[in-house]
Amino acid sequence: MDIESLRSLLAFVETGSITRAAKQAFRTQAAISMQMKKLEMELGKPIFLKNGRNLNLTAEGQQLARYARRLVSLHDETLLAVKNKSIKHVVRVGCPDDYVDAVLPKLVNVLNDTFDEIEIQVVCGPSYQLRIMLDSGQLDLAIVSRVPASEEGFLLLRGQGIWAGLKNSILIERDVIPITVFEKDCKFHQAAIEGLIKLATPFNIVLMSQSFSAQKSVILENQAIGAMADISCKSPLVKVEHAKLPSLPVVELALIIANIPNAFITNDLAFTLARKFEQAN
């Protein structure tokens with residue numbers, strides 16, 4: 001159904017006559033009449049009823065006019081959106097919860113500097129889960145922790161595992177030290193638990209969670225000290241050092257991409273992003 005014919009029909013509805021509709025649409029009366037006949041042929045029903053010298057819409061004509069208003073509006077809205085808005089690439093980024101503050105903003109800045117028009121969508125989760133999402137094509141790239149000296153992905157930065165708590169907290173002086181740790185798949189979990197056992201330091205796990213926000217909340221309430229990377233230890237958290245506490249390992253953060261055909265983020269592009277990230281630090 002021709003959109004201009006529908007526009008002319010609406011001009012008739014607004015003005016009440018073919019003559020005035022022709023003036024409003026900057027067309028001849030003959031052209032408007034031809035458009036209306038074409039609409040009637042497509043519908044197989046009359047849309048006008050002659051009443052003396054006047055034309056009125058039939059019930060079918062009135063129904064068509066209601067749909068015509070919606071169709072013309074949608075048509076104009078579509079043209080405006082396509083002409084005036086640049087096409088955006090959606091980049092789906094994964095990031096572990098504990099590196100959202102320290103690492104994610106810098107990567108977002110690098111992405112926006114590299115691409116003119118992108119929409120960044122972020123998913124937070126543990127590294128193992130982000131790898132699964134990459135493999136299934138649910139993410140385009142992700143920040144993940146890896147074993148030091150691993151060749152997986154492209155290195156962004158290194159973080160030293162530390163114990164974190166509140167300044168002037170005396171939790172470390174307790175007979176049984178309250179701690180909060182990530183779940184068992186985290187490198188810091190195993191090192192913290194095994195290290196405390198080797199040092200014969202009594203401890204109690206107050207909270208075990210993949211959520212850094214959840215762990216941080218109990219540390220801020222002075223209910224526990226936590227094992228984390230130094231880059232995640234932001235004020236008011238401070239590094240806690242004591243003979244009762246074991247040292248924690250180094251962790252590397254790498255940028256890895258989805259291994260799927262025709263991926264928007266290619267290996268070469270990921271390398272460029274990682275180098276830009278490194279230069280920004």
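Contact detail for Ala214 and Ser211: the closest heavy-atom pair is N-OG, 3.1 Å. Residues Ile256 and Gly153 come closest through the heavy atom pair CG2-CA, 3.5 Å. Considering every non-hydrogen atom in both Ala164 and Val240, the closest pair reads C-CG2, 3.8 Å. For Leu199 against Ala243, the heavy-atom pair with the smallest separation is CD1-O, 3.9 Å. Closest approach of Asp97 and Ser213 over heavy atoms only: OD2-N, 3.1 Å. Residues Ala227 and Leu248 come closest through the heavy atom pair CB-CD1, 3.7 Å.
In this structure the side chain of Val90 never reaches within 4.5 angstrom of the side chain of Ile120, judged on heavy atoms. A 4.5 Å side-chain heavy-atom check between Arg69 and Val13 finds at least one atom pair inside the cut-off. Side chains of Ile118 and Asn112 form a contact here, defined as non-hydrogen atoms less than 4.5 Å apart. When side chains are defined from C-beta on, Val93 does not count as touching Asp140, because their heavy atoms never get closer than 4.5 Å.
Residues that satisfy the side-chain hydrogen bond (donor to acceptor under 3.5 Å, both in side chains) test with Lys37, not counting sequence neighbours, are absent from this structure. Among residues two or more places apart in sequence or in another chain, the ring-ring contact (aromatic ring centres under 6.0 Å, His included) test is passed with Phe212 by none. Applying the ring-ring contact (aromatic ring centres under 6.0 Å, His included) rule to Phe115 yields the partners Phe264; only residues at least two apart in sequence or on another chain are considered. Among residues two or more places apart in sequence or in another chain, the side-chain hydrogen bond (donor to acceptor under 3.5 Å, both in side chains) test is passed with Ser5 by Asp2. Applying the side-chain hydrogen bond (donor to acceptor under 3.5 Å, both in side chains) test to Arg27 and every residue at least two apart in sequence or in another chain returns nothing. In this structure Phe154 satisfies the ring-ring contact (aromatic ring centres under 6.0 Å, His included) test together with Phe271, sequence neighbours excluded. Ser235 meets the side-chain hydrogen bond (donor to acceptor under 3.5 Å, both in side chains) test with no other residue; sequence neighbours excluded.
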List, one per line, each side-chain donor-acceptor pair under 3.5 Å for residues 123-130, sequence neighbours excluded.
| residue | atom | partner | partner atom | Å |
| --- | --- | --- | --- | --- |
| Ser127 | OG | Ser145 | N | 3.0 |
| Ser127 | OG | Ser145 | OG | 3.2 |

If you look only at distance, which donor and acceptor atoms sit under 3.5 Å apart when one is on a side chain in residues 55-63 and the other is two or more places apart or in another chain?
| residue | atom | partner | partner atom | Å |
| --- | --- | --- | --- | --- |
| Thr58 | OG1 | Pro46 | O | 2.9 |
| Thr58 | OG1 | Glu60 | N | 3.4 |
| Thr58 | OG1 | Glu60 | OE1 | 3.4 |
| Thr58 | OG1 | Gly61 | N | 3.0 |

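Linking ILVMFWY residues whenever their side-chain heavy atoms come closer than 4.5 Å, directly or via other members, leaves Leu104 and Met133 in distinct clusters. Leu139 and Val100 fall into different hydrophobic clusters, where Ile, Leu, Val, Met, Phe, Trp and Tyr side chains are chained together by heavy-atom contacts under 4.5 Å. Side-chain heavy atoms closer than 4.5 Å link hydrophobic residues (I, L, V, M, F, W, Y) into clusters, and following such links, possibly through other members, connects Leu43 to Leu9. In terms of hydrophobic clustering, with Ile, Leu, Val, Met, Phe, Trp and Tyr side chains grouped at heavy-atom distances under 4.5 Å, Tyr99 and Leu157 are assigned to a common cluster. Each of Leu237 and Val181 belongs to its own hydrophobic cluster when Ile, Leu, Val, Met, Phe, Trp and Tyr are linked at side-chain heavy-atom distances under 4.5 angstrom.
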Q: Go through the steps to decide whether Asp98 and Ile231 satisfy the test side-chain contact (heavy atoms from CB on, under 4.5 Å), and finish with yes or no.
A: CA-CA 9 Å; Asp98 45 327; Ile231 57 177; over 6 Å; no
Q | Worked verdict on Leu245 versus Ile172 for side-chain contact (heavy atoms from CB on, under 4.5 Å) | A | CA-CA 9 Å; Leu245 299 175; Ile172 194 65; 3.6 Å; yes
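In Glu151, the CD atom is not crowded: 12 or fewer heavy atoms of neighbouring residues, nucleotides or ligands sit closer than 6.0 Å. In this structure, Gln210 places its CD atom where more than 12 heavy-atom neighbours from other residues, nucleotides or ligands lie under 6.0 Å away.
Within the structure, ring pair (Phe, Tyr, Trp, His ring centres under 6.0 Å) contacts touching residues 28-59 (residues at least two apart or in different chains) are Phe12-Phe48. Evaluation of the ring pair (Phe, Tyr, Trp, His ring centres under 6.0 Å) test over residues 159-198, restricted to residues two or more places apart or in two chains, returns none. Residue pairs meeting the ring pair (Phe, Tyr, Trp, His ring centres under 6.0 Å) criterion with at least one partner in residues 228-254, sequence neighbours excluded, are absent.
When atom types are taken as modelled, the side chain of Thr114 and the backbone of Val110 share a donor-acceptor pair closer than 3.5 angstrom. Side-chain N or O atoms of Ser232 include none that pairs as donor or acceptor with a backbone N or O of Met228 at under 3.5 Å. A side-chain donor-acceptor contact under 3.5 Å links Thr201 to the backbone of Lys244.
Side-chain atoms of Ser169 and Asn222 form a donor-acceptor pair, as typed in the model, at a separation below 3.5 Å.
With values rounded to the nearest 0.5 angstrom, Leu253 atom CG is found 9.5 Å from Arg146 atom CZ.
Comment: Glu152 engages Arg131 in a salt bridge, judged by a side-chain N to carboxylate O separation of less than 4.0 angstrom. The pair Glu278-Lys276 does not count as a salt bridge, with every side-chain nitrogen at least 4.0 angstrom from each carboxylate oxygen.
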